[in-house]
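Here the structure is a predicted model, which is why all the values come from computation and not from measurement.
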Amino acid sequence: MNTRNRWGRLAAALGCAGMTLTAAPALSAPASEAFRARPPQDEVIYFVLADRFANGDPSNDRGGLKGDRLATGYDPADKGFFHGGDFKGLAGKLDYVQGLGATAIWLAPIFVNKPVQGPKGQESAAYHGYWITDFTDVDPHLGTKADFKALVDAAHARGMKVYLDIVINHTADVIKLKECEGRRCEYRGKADYPVSRRGGVSGTAINAGFAGDADGSAENFAKLTRPDFAYTPYVPAAEAGIKKPDWLNDPIFYHNRGESDFVGESSLYGDFAGLDDLYTEHPRVVQGFIDIYGQWIDEFGIDGFRVDTARHVNPQFWQAFVPAMQERAAKRGIPNFHIFAEVADPDPVALARSTVVDGFSAALDFAFQQAVTETVAGKAGTDRFARLYAADALYRGGEAAGPQIPTFLGNHDMGRFGRRLLVGHPVAPDAELVQRNVLAHAMLMFLRGAPTLYYGDEQGFTGDGDDKDAREDMFASQVAVYNDNRLIGGKVGSADRYDTNAPLYRAISGMAKVRAAEPALRSGRQIVRAAGDKPGLLAVSRIHQGREALVLFNTGAAPVDAHVEVETTSAAWRSAVGACAPAAAAPGSYRVTIAPLDYKICVSEGARQ
């Protein structure tokens, strides 16, 4: 795209956003593990793909493997291969991450992966971490367990938490199905291919006495002895024993029904894009993963898990796994272990279901992401948020559970928010794009939820689509389709991207300071005070221990001058961000003025003295 940015307008854009340009200083190391006491809603999460962040040890770039890129997975010029980032690199950039205001680091899966997968000519590497073969060790492309421990210890010494991205739905693609050599295996359902017959309802009787998945007892599953009810699974000799723990090498612990269509039954029982789908109803699988991930808590003191593809696993698994992890963490001295699900659905009903039925603490808020996209990158009215928050009552714990829900603007799968801004406002000048990006991050930081930043967004990354196109390098990249991307508030080209003076970095850093200083902005009960069916005013109160913080956004192109309802006891006011009137206009009414694409935060001091 090679669009040159208009630097002359950036300062004005940031001034309109009400932010100072001072980066948050790195915090001193805590004298104890006091950081463990922070509840999940107090965190600002920074999501990182280690391979794309910083290369601290070039000797591990090829993961200790020999051969070409199809053997090692390493090709820094290809967006689908390893680029060299590692644990040491991230550890060396903790000042940068903490200076942004992040208090927790969420790492994409770090476990040993099958280096390369895919049909001939369409190969890709496991730099992202989701093609796991060994759940007990770290991928050598990222370093060693000692390197990982050093990273976790360094983060903890700063009072920062570390969350691991974990996978349970599937492993790497190792198991093959004889009937589908060289072609896609269509899904074969339970009615047409019951577990009690070999190859269909008229086939040979097998697995005598097995009562089906609903009976999760060891006694019942002991009768499941043959995995060839739908297809004939086998492990190629070259990959025999490749998975760890060893029990994962047995096809009996997988569904083996072919590719998921992501609808109905296949969403739970089918292979996710060819990856081996685990039989998560099996008690051996349940206990096996409790043991696997419990060990990571025991050994490294991990502070939480983000659970990949959670909606593709049966609820009974989560009902056993989630409390087991929380209990394991509590015994390790981690009282606020946060375990949140990826349920890739913007419908709040689906998100809330994962907390009520599955038992997760929270789910990543895809509904929030859609609301911000529609209002700030698009042209929808701010009542989109009123509808969103009306659904908070559906979550386990109701509206009180809202503050711990991880919110986000974009990610490694669905792409970056900056891309949505470019699509929604293709002729907007850079200054306006900075304003809109700052406004979106203010919504992320100050509306209910635990804000989750996607690495590189603070440098204005826009990507050029989703998936691989949104996984750019923070260090000087060799990928041509990354280096020609437009950056919001930055210059195109191959360069290290750790600029603490970048406009978005400084804006987010300032927001993090405000959020840290005001408990209501982290834990406060939220009330939508004003919203409309067109771009314009969104006013939200956050109330904590009797103190009201009024958070005001203007998503429109015209200034706002309005009266907003507040608590009748909120008479005297001070500014947290932007200019605020010192007193209520009348009991229960407060006058606000906001410039276009701007936001303010006014904090009540209670009754006037």
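Between the CG atom in Asp457 and the CG atom in Asn411 there is a gap of 10.0 Å [rounded to 0.5 Å]. Taking CG of Asp392 as the start and CD of Gln526 as the end, the distance is 7.5 Å to the nearest 0.5 Å.
We find that Asp533 and Arg384 are not joined by a salt bridge, their nearest charged nitrogen and carboxylate oxygen being 4.0 Å or further apart. Between Arg311 and Asp358, no side-chain nitrogen of the basic residue sits less than 4.0 Å from a carboxylate oxygen of the acidic one, so the salt-bridge criterion is not met. For the pair Arg306 and Asp308, the salt-bridge criterion is met [side-chain N within less than 4.0 Å of a carboxylate O]. Salt bridge status for Asp365 with Arg448: present, with a side-chain N to carboxylate O gap under 4.0 Å. A salt bridge between Arg522 and Glu43 is absent, with no side-chain N of the basic residue lying under 4.0 Å from a carboxylate O of the acidic one. The existence of a salt bridge linking Arg574 and Glu518 is confirmed by a sub-4.0 Å separation between a basic side-chain nitrogen and an acidic carboxylate oxygen. Salt-bridge formation is not detected for the pair Asp466/Arg416: no Lys NZ or Arg NE/NH1/NH2 atom is positioned less than 4.0 Å from an Asp or Glu carboxylate oxygen.
Enclosure of atom CZ in Arg332 by more than 12 non-hydrogen atoms of other residues, nucleotides or ligands within 6.0 angstrom is indicated. The local environment of CZ in Arg591 is sparse, with at most 12 non-hydrogen atoms from other residues, nucleotides or ligands closer than 6.0 Å.
No option in Trp318, Trp106, Trp296, Tyr293 other than Tyr293 meets the ring-ring contact (aromatic ring centres under 6.0 Å, His included) test with Phe305.
Geometrically, Lys93 does not engage Phe53 in a cation-pi contact, judged by NZ or CZ lying under 6.0 Å from the ring centre and within 45° of the ring axis.
Side-chain atoms of Tyr482 and Asp464 form no donor-acceptor pair, as typed in the model, at a separation below 3.5 Å. Remark: the Tyr599 side chain and the His441 side chain contain no N/O donor-acceptor pair separated by less than 3.5 Å. A donor atom on one side chain and an acceptor atom on the other are found under 3.5 Å apart for Tyr127 and Arg471. For the residue pair Glu458/Tyr96, the side-chain donor-acceptor check at 3.5 Å is satisfied. Looking at Ser541 and Arg529, their side chains do bring a donor and an acceptor atom within 3.5 Å of each other.
For the pair Val564 and Ala539, the tightest heavy-atom approach, listed with the atom from each and the gap, is CG1-CB, 3.9 Å.
For the pair Gln98 (side chain) and Arg158 (backbone), a donor-acceptor distance under 3.5 Å is present. Side chain of Ser361 to main chain of His338: no donor-acceptor pair is present (N/O by atom type, distance under 3.5 Å, no hydrogens or angles).
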